[in-house]
Amino acid sequence: MDKIQMKTPLVEMDGDEMTRVLWKMIKDELILPFVDLKTEYYDLGLLHRNETEDQVTVDAANATRKYGVAVKCATITPNRQRMEEYPQLTQMWKSPNGTIRAILDGTVFRTPILIDSIRPVVRNWEAPITVARHAYGDVYRAVDLYTTEPGTCTMTFTPENGEPQTLTVQKVAGPAVWQAAHNKEDSIRSFARACFQYAVDTKQDLWFSTKDTIAKVYDGEFKKVFEEEFEAYKQDFERLGITYFYTLIDDAVARVIRSKGGFIWACKNYDGDVMSDMVSTAFGSLAMMTSVLVAPDGTTEFEAAHGTVTKHYYKHLAGERTSTNPMATIFAWSGALRKRGELDELPELIKFADRLEAACFKTLNEGIMTKDLVGLVSPDFPAKAVYSDEFIAAIRERM
């Protein structure tokens, strides 16, 4: 069989632990037999990031901006525990996703992958909820400090022309921890525009939530910018019969649980990180959620919304077979290949992406699935738990 040809490379970012193992299996079994794959490869595994002092992450982000489409494997963001697990590390490197998002800007859209045999935990949810997550700043670009002595912490902004502005953060009598976060107005505007445009494109209502009653200046700026940017989209919203709705994040959580779904929920960076996990898990499994970063210039980066599945990785290292769900990672590849096909006008590549996803659904609908899903299906649905390699092999058979 002649392989499907590509014109322009994808940027391929390899990752860590069990998702790295699945990454290779997916390529070998589901992509390389059918596509003459062209990628510009970057190893974002933790140890290689450490060896390059994280320059590889910056290089991968810049390559993504150059080629327009990337696909990324899940990666480790080290904490103190990881420093003990990986003694070679010279420091707790920042989140590679945070670094990439800071360079590309834009918005992350996360949508659950649904199958009929799995009903959401929230019984009244009837349609997917897409979480639109701001992709810049907040705790992901924050600076941290630990102090032991009594003293006073201040925050100072020094303009290029003008007098410095200083705020007193707090006076303490002993040890304390400090964190300073920031955001940029142009990034907030890009976030707002991306959310409104996505709502128009998909004909869905848009909800937006912050905590401007507490963070009156910081979150208040988000609310103000969204209100200003909505003016340019108001007629489109009215024409399509869709609405824009703002509320506090705590009220939004309650409303989301009571809703029927079928809308876009825009959240600040950290809120979106947490709420997308809640939404995906309530719909079924964290391994069943797609994630795509859309930059203002149209650059897109596809990845799974979950982590590196550490527990399964240690079983794998011990020689055990695992039933790790590869769906979100497969859909990251299919999404990236489809986008590459659209940009390069390659209909066969687009059809391949569609066929790959259809084969995944066919496999699941025939009751062949990983262990995490078997416990979630309807009692009368004949489901069989298989190992990851068996699940991927079943998808290939249906290709």
Side-chain angles (χ1 to χ4, degrees), residues 61-62 64-70 97-111 128-138 140-141 181-212 215 217-249 252 256 262-273 275-276 279 290-303 305 335-336 339 342-343:
N62 288 329
T64 301
R65 192 158 50 187
K66 174 183 176 182
Y67 290 107
V69 184
N97 286 343
T99 299
I100 293 165
R101 290 165 189 158
I103 292 171
L104 297 180
D105 202 358
T107 299
V108 176
F109 294 97
R110 289 180 168 174
T111 306
I129 296 169
T130 297
V131 177
R133 174 185 171 187
H134 188 210
Y136 179 82
D138 295 341
Y140 302 88
R141 300 294 290 178
H182 80 283
N183 230 293
K184 298 188 295 186
E185 186 177 305
D186 60 352
S187 180
I188 299 170
R189 290 195 183 278
S190 293
F191 173 44
R193 292 168 188 158
C195 291
F196 289 126
Q197 188 60 54
Y198 195 78
V200 169
D201 291 342
T202 59
K203 300 179 179 61
Q204 295 184 85
D205 293 339
L206 174 66
W207 297 15
F208 178 48
S209 54
T210 71
K211 193 68 173 177
D212 67 295
V217 175
Y218 194 99
D219 285 25
E221 183 66 14
F222 276 81
K223 180 182 179 183
K224 179 177 74 70
V225 168
F226 263 73
E227 289 172 349
E228 292 171 354
E229 293 297 329
F230 180 55
E231 291 302 313
Y233 295 89
K234 186 176 289 185
Q235 289 186 349
D236 287 333
F237 271 60
E238 291 174 353
R239 173 175 55 83
L240 295 171
I242 57 177
T243 59
Y244 167 59
F245 171 71
Y246 173 82
T247 190
L248 297 174
I249 182 67
V256 165
F263 56 88
I264 302 161
W265 183 13
C267 297
K268 288 166 53 197
N269 208 343
Y270 180 75
D271 293 343
D273 191 0
M275 292 301 110
S276 64
V279 167
T290 62
S291 181
V292 56
L293 172 70
V294 182
D297 62 358
T299 296
T300 50
E301 179 229 0
F302 296 81
E303 61 181 323
K339 186 66 177 181
E342 291 169 354
L343 292 177

Would a 4.5 Å heavy-atom cut-off, applied to side chains only, mark [X] and [Y] as touching?
X	Y	result
Phe222	Tyr246	no
Arg110	Ser291	yes
Leu206	Phe263	no
Gln197	Tyr233	yes
Lys268	Lys211	no
Asp138	Tyr218	yes
Val225	Glu221	yes

Does the structure place the NZ or CZ of Lys339 under 6.0 Å from the centre of the six-membered ring of Phe302, at an angle of no more than 45° from the ring's axis?
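Not satisfied by the 6.0 Å and 45° rule.
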What distance do [X] atom [atom1] and [Y] atom [atom2] have between them, rounded to the nearest 0.5 Å?
X	Y	atom1	atom2	answer
Phe196	Phe208	CZ	CZ	8.5 Å
Arg239	Gln235	CZ	CD	9.5 Å
Leu104	Leu293	CG	CG	5.5 Å
Cys195	Phe230	SG	CZ	12.5 Å

So, [X] and [Y]: side-chain donor and acceptor under 3.5 Å apart, yes or no?
X	Y	answer
Ser209	Trp265	yes
Thr111	Thr130	yes
Asp186	Tyr136	no

Can we call the ring centroids of Tyr198 and Phe109 under 6.0 Å apart?
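Yes - the distance between ring centres of Tyr198 and Phe109 falls below the 6.0 Å cut-off.
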Taking the six-membered ring where the residue is Trp, are the ring centres of His134 and Tyr270 under 6.0 Å apart?
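No, they do not, as the ring centres are separated by 6.0 Å or more.
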Scan Asp219, Asn269, Ile188 and name whichever one has a side-chain contact (heavy atoms from CB on, under 4.5 Å) with Asn183.
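Among Asp219, Asn269, Ile188, the one that satisfies the side-chain contact (heavy atoms from CB on, under 4.5 Å) with Asn183 is Ile188.
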Mind running salt bridge (charged side-chain N to carboxylate O under 4.0 Å, His left out) on Glu303 and Arg101 for me, showing each step along the way?
CA-CA 12 Å; Glu303 61 181 323; Arg101 290 165 189 158; 3.5 Å; yes
